[in-house]
Amino acid sequence: MAQGGVYLFNFTANKFQQANIVMPLNFNFLPVKKTINCKGQLLDLSVGRVMGILNTTPDSFFDGNKYQGLEGQSAQVEKMLKEGADIIDIGGFSTRPRADEVSIDEELKRVIPLIEKLKQNFPDIIISIDTFRSKVADSAITAGAAIVNDVTAGEGDPLMFETVVRLQVPYIIMHKQGYFKDMQVDPKYDDVVKEVIQYLSFKIEKLTVLGVHDIIIDPGFGFGKTLEHNFQLLKHLDLLRILGKPIMAGISRKSMINKLLQTKPENALIGTAVANSLALAGGADIIRVHDVKEAVQTLKMINYYRETV
């Protein structure tokens, strides 16, 4: 590891110990793994990566119903790829507060034909499937996806962990408090940073024992957290690095930006760029965004700043 990496690891470890965070028995602190195996494609995360969002749901908080049909959705993906997206995240179930439930069959209808079309049109594309359902994850990986992005970290489906073990694909686990419909109704923590780290550490331990090799962690901005909780996590994002896993930050156009700036998602591009900059500076390896061009520019600026002597 480069000397700077050792310094960052030691600094974070000391900060972590000072925070008095309780970890699972036999949990080992390791430097962050910087590559993931996406069905034979090794993705290097050392320079940061941009994940472009494509929701096929009619009720997502920002882009619901914005891209109609397979052709419209495929055109948007092509645009994101040309702008520099490294991963395309496809979801067919809206997880915003008070969103309507959809059946597994409906979710499959929304995502599987699109994944098949994208793999046909863009053979080298890396697709992540945004789902908490094992059947959807299994079908999506078969159709051509290479990553499972689970906002419930296995709690939404008891078969998800064993499915990911069998599929042997990278698995993104996210922290959230409560259920989708009521998670933003007065969320409470004694210490949100400690509790998120402890939650993720226990998930990592279980998945590692089961045999999942590539785990990515997501603190879950906006999922059962107040404005203050979200910014506490953003400010102390570097503490999550002690878990030894790549970090994904999904902040794009979310309420933590809109509430602070008193704006709406469609006007939150500048706030998103600032939040993504802070996340990258704090150690995020992947930023999940609606606006790929601006995110790629943000990442380029951060990387150049880091490399400047």
Fellow cluster residues of Leu42, listed by chain then number, with links counted only when side-chain atoms sit under 4.5 Å apart: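 Leu42 clusters with nothing; isolated.
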
Other cluster members, Ile286 - Ile/Leu/Val/Met/Phe/Trp/Tyr, side-chain contacts below 4.5 Å: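 Besides Ile286, the cluster holds Ile36, Leu43, Leu45, Met51, Ile87, Ile126, Ile147, Ile172, Ile216, Met248.
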
Pairing of Asp138 and Arg166 as salt bridge, 4.0 angstrom limit: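 So Asp138 pairs with Arg166 through a salt bridge.
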
Ion pair check, Lys188 and Glu195, cut-off under 4.0 Å: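 No salt bridge links Lys188 with Glu195.
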
Sequence-distant partners of Lys109, side chain to side chain donor-acceptor pair (under 3.5 Å), two or more places apart: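 With neighbours one apart ignored, the set is empty.
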
Under the ring pair (Phe, Tyr, Trp, His ring centres under 6.0 Å) test, residues paired with Phe231 that sit two or more places apart: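 Scan of Phe231 (ring pair (Phe, Tyr, Trp, His ring centres under 6.0 Å), adjacent residues dropped) gives none.
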
For residues [X] and [Y], determine if any side-chain heavy atom of one lies less than 4.5 Å from a side-chain heavy atom of the other.
| X | Y | value |
| --- | --- | --- |
| Leu280 | Leu299 | yes |
| Ser201 | Tyr199 | no |
| Ile90 | Leu114 | yes |

Check: Phe223 ring centroid to His175 ring centroid under 6.0 Å: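 They do not qualify: ring centres at least 6.0 Å apart.
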
Salt bridge (charged side-chain N to carboxylate O under 4.0 Å, His left out) involving [X] - partner list, sequence neighbours excluded:
| X | result |
| --- | --- |
| Asp214 | Lys33 |
| Glu116 | none |
| Arg288 | Asp89, Asp130 |
| Glu83 | Lys79 |

Please enumerate all residues that pass side chain to side chain contact (heavy atoms under 4.5 Å, CB included) together with [X], with sequence neighbours excluded.
| X | result |
| --- | --- |
| Val212 | Val164, Val165, Tyr171, Leu207, Ile215 |
| Ala279 | Leu234, Leu237, Ala249, Ile251, Ala284 |
| Lys39 | Ile141, Ala146, Val169 |

Check: [X] side chain, [Y] main-chain N or O, donor-acceptor pair, under 3.5 Å:
| X | Y | result |
| --- | --- | --- |
| Arg110 | Gly91 | no |
| Asn230 | Met256 | no |
| Lys254 | Ser252 | no |

Residue pairs passing the side chain to side chain donor-acceptor pair (under 3.5 Å) test where at least one lies in residues 271-280, sequence neighbours excluded: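 For residues 271-280: none.
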
